[in-house]
Amino acid sequence: MIRDFVKQTDDTICDFLAPLDDFRIEKQDEDAEFEAMLRKFIENGCEEVESGNTEDDDAMPFPPSLGDINVDLRLGSDEDEDEEDDMLSTTGELELNPNNTVKVEILQPTKHPERELQKLVGCKEIKERIDELITLNRYNIRMHAMNPKGKIHELSLHSIFLGRPGTGKTTVCKIMGSLLHKAGMLSKGHVVVAGRGTFVGTNWGDEERAVRQVIELAQGGVLMIDEAYLLNSDNRNDPGKMVIPLLMEILANEKQRDLAIVLCGYKQPMLRLLELNPGLESRFPNRFEFKDFSVDELLDITKMRIGEYNYTFTPSAWDLYKSIVTEAYSTRDPQTWGNARFIANQLERIYLTHAQRCIKGDIFDKREFFSITPADIQPIEVPKAKPRIGF
């Protein structure tokens with residue numbers, strides 16, 4: 001009897017799984033066919049695309065302004081559609097000389113960049129500007145399909161990000177790299193994060209080696225240089241002054257198209273950098289300004305972040321928290337204000353205090369365990385604006 005029951009159960013499971021097996025085989029065949037078509041398209045060039053076929057031109061992985069690139073079919077996949085996006089990062093290593101190596105952070109592409117972009121608080125103008133770049137690329141694709149031998153619009157991906165710390169420059173850079181990859185404008189979409197310390201070495205020639213290695217590491221993605229104005233100090237003998245001209249030389253090479261360079265930093269120092277290097281203005285036509293978050297936007301960021309842990313504020317705790325954020329914002333020093341970083345630091349302090357209260361109080365009630373109370377809120381110290389002296 002048991003043997004018959006097991007056999008009957010196995011037959012039922014097999015009948016249930018049979019359609020799934022057929023689906024997997026069909027899906028694998030479709031994936032293989034698509035990959036073969038895509039590789040043929042890349043290898044043979046875009047001019048073989050029939051001009052009359054515009055049915056799916058918006059989704060075509062065609063980077064008209066980037067030349068021939070090797071698309072990594074593993075990146076930008078829509079598999080695991082329901083999985084959360086992971087802000088994953090790895091580390092790359094540069095060898096400036098036999099005695100000096102430098103590590104750089106590499107941000108991996110996000111799976112759902114459109115979703116992540118829309119989740120950003122504020123940044124309306126930045127979202128619109130990125131959408132313009134993607135739309136122009138889609139237009140170029142359609143334009144080429146209709147007139148394969150005609151001229152298409154120039155599209156430069158190099159950008160300037162202006163803004164203070166905590167305004168979302170790195171986050172937007174990661175999302176932008178993923179969006180450009182998904183649109184077929186970059187072959188990988190990763191982001192290499194660099195700064196002055198990445199390039200300036202100890203020996204003569206380290207800077208040139210660093211620049212070339214960083215460019216190679218960033219191929220197919222985005223090279224983000226934070227606080228780029230530090231590469232142009234007033235010291236005539238500063239080796240960092242060599243980096244910008246080296247970048248300009250590399251950007252002049254038409255083969256270096258599978259790359260987007262983003263220079264980031266405070267607005268005024270970055271504008272001075274552009275004035276001192278007139279060639280940068282034309283090489284970096286896309287300018288994004290990241291403004292300080294308002295109090296309401298900072299509170300929205302707070303709600304999003306505590307929601308990731310399923311926390312809620314009690315009404316009295318929320319009133320106390322709002323008063324702390326408002327007070328910190330109104331007395332902030334504009335030169336040192338942390339924006340979203342202030343919120344992150346404040347919440348970290350709250351989490352630590354809340355955890356101690358729950359453990360020491362032996363709290364097991366779920367609702368109470370995930371409730372932030374006034375007892376959990378301990379204000380952190382933030383630099384305040386210095387009063388002006390004189391007129």
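This chain uses plain numbering: 1 for the first residue, then up along the sequence.
- Considering only heavy atoms from C-beta on, Ile350 stays 4.5 Å or farther from Ile306 through its side chain.
- Proximity of a side-chain donor or acceptor of Ser178 to a complementary backbone N or O of Thr110 within less than 3.5 Å is detected.
- Taking the six-membered ring where tryptophan is involved, the planes of His158 and Phe284 are tilted, since the angle between them lies from 30° to 60°.
- Placement of Leu352 and Tyr309 in two distinct hydrophobic clusters is found when ILVMFWY residues are connected by side-chain heavy-atom separations under 4.5 Å, directly or transitively.
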- Message: Please evaluate residues Val262 and Val191 with respect to the criterion side-chain contact (heavy atoms from CB on, under 4.5 Å), reporting the C-alpha separation (whole Å), side-chain torsions for both, the decisive distance (0.1 Å), and the verdict.
- Response: CA-CA 10 Å; Val262 178; Val191 178; over 6 Å; no
- Query: Would Glu208 and Met242 satisfy side-chain contact (heavy atoms from CB on, under 4.5 Å), going step by step from the backbone distance to the final call?
  - Reply: CA-CA 8 Å; Glu208 182 174 359; Met242 299 174 58; 5.5 Å; no
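- Ile134 is listed as a side-chain neighbour of Leu180, based on a closest heavy-atom distance under 4.5 Å.
- No side-chain heavy atom of Leu179 sits under 4.5 Å from any side-chain heavy atom of Met176.
- Taking the side-chain hydrogen bond (donor to acceptor under 3.5 Å, both in side chains) definition, one finds that Glu289 meets it with Lys267, sequence neighbours left out.
- In this structure, the separation between CD on Glu105 and OG1 on Thr198 is 10.5 Å, given to the nearest 0.5 Å.
- Judged by distance alone, with hydrogens and angles left aside, the side-chain atoms of Asp376 form a donor-acceptor pair with the main-chain N or O of Thr373 at under 3.5 Å.
- Proximity of Arg196 to Asp238: side-chain heavy atoms (C-beta onward) are separated by under 4.5 Å at one or more points.
- A donor-acceptor contact shorter than 3.5 Å links the side chain of Asn345 to the backbone of Arg341.
- Under the 4.5 Å side-chain contact rule for hydrophobic residues, Val200 and Met224 do not share a cluster.
- With rounding to the nearest 0.5 Å, the separation of OG in Ser294 from CG in Asp300 is 7.5 Å.
- Taking both residues in full, the closest heavy atoms of Leu231 and Ile225 are given as CD1-CG2, 4.1 Å, listed atom of the first, atom of the second, then distance.
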- Task: Go through the steps to decide whether Thr302 and Tyr321 satisfy the test side-chain contact (heavy atoms from CB on, under 4.5 Å), and finish with yes or no.
- Result: CA-CA 10 Å; Thr302 299; Tyr321 180 83; 2.7 Å; yes
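- Between Val222 and Gly177, the shortest heavy-atom distance links the atoms CG2-CA, 3.7 Å.
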- Checking salt bridge (Lys or Arg N to Asp or Glu O under 4.0 Å) for the pair Arg129/Glu132: CA distance, chi angles, key distance, verdict? CA-CA 5 Å; Arg129 186 74 185 97; Glu132 288 175 0; 3.0 Å; yes
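- Under a 3.5 Å cut-off, the side chain of Gln118 and the backbone N or O of Pro113 do not form any donor-acceptor pair.
- Closest non-hydrogen pair, Ala375 versus Arg357, comes out as CB-CD, 4.3 Å.
- Across all their heavy atoms, Tyr329 and Trp337 have their closest contact at CD1-CZ2, 4.0 Å.
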- Item | Trace of the side-chain contact (heavy atoms from CB on, under 4.5 Å) decision for Ile372 with Trp318 | CA-CA 8 Å; Ile372 304 296; Trp318 183 246; over 6 Å; no
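- Hydrophobic cluster membership is shared by Val102 and Ile215, with clusters built from Ile, Leu, Val, Met, Phe, Trp and Tyr side chains linked at under 4.5 angstrom.
- Considering only heavy atoms from C-beta on, Leu320 stays 4.5 Å or farther from Phe313 through its side chain.
- The shortest distance between side-chain heavy atoms of Val172 and Phe290 falls below 4.5 Å.
- A 4.5 Å side-chain heavy-atom check between Val193 and Ile106 finds every atom pair outside the cut-off.
- Ile377 and Ile363 end up in the same hydrophobic cluster when Ile, Leu, Val, Met, Phe, Trp and Tyr side chains are linked at under 4.5 Å.
- Pro379 places none of its side-chain heavy atoms less than 4.5 Å from the side chain of Glu327.
- Side-chain N or O atoms of Asp226 include none that pairs as donor or acceptor with a backbone N or O of Gly195 at under 3.5 Å.
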For residues 161-169, which side-chain donor-acceptor pairs fall under 3.5 Å, sequence neighbours excluded?
from   : atom 1 : to     : atom 2 : distance (Å)
Arg164 : NE     : Pro334 : O      : 2.6
Arg164 : NH1    : Asp292 : OD1    : 3.4
Arg164 : NH1    : Asp292 : OD2    : 2.7
Thr167 : OG1    : Arg164 : O      : 2.6
Lys169 : NZ     : Gly163 : O      : 3.2
Lys169 : NZ     : Arg164 : O      : 2.8

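- The minimum heavy-atom distance between Ala340 and Leu298, with the atom names listed, is N-CD2, 4.2 Å.
- Remark: side-chain polar atoms of Lys119 are not paired, donor with acceptor, to backbone N or O of Met304 under 3.5 angstrom.
- Rounding to the nearest 0.5 Å places CD of Glu116 at 6.0 Å from CD1 of Ile175.
- Summarising the local packing, CD of Glu114 is surrounded by more than 12 heavy atoms from other residues, nucleotides or ligands at distances under 6.0 Å.
- Comment: Arg305 does not engage Glu308 in a salt bridge, judged by the lack of any side-chain N to carboxylate O separation of less than 4.0 angstrom.
- Looking at Asn277, its side chain never comes within 3.5 Å of a backbone N or O of Leu280 through a donor-acceptor pair.
- Taking the six-membered ring for Trp and thresholds of 30 and 60 degrees, His354 and Tyr311 have ring planes more than 60 degrees apart, a perpendicular arrangement.
- Leu276 and Tyr229 are assigned to two separate hydrophobic clusters, defined by single-linkage of ILVMFWY side chains at heavy-atom distances under 4.5 Å.
- Remark: Glu216 CD to Gln213 CD distance equals 7.5 Å, nearest 0.5 Å.
- For Lys241, the NZ atom is densely surrounded, since the number of other residues' heavy atoms within 6.0 Å is greater than 12.
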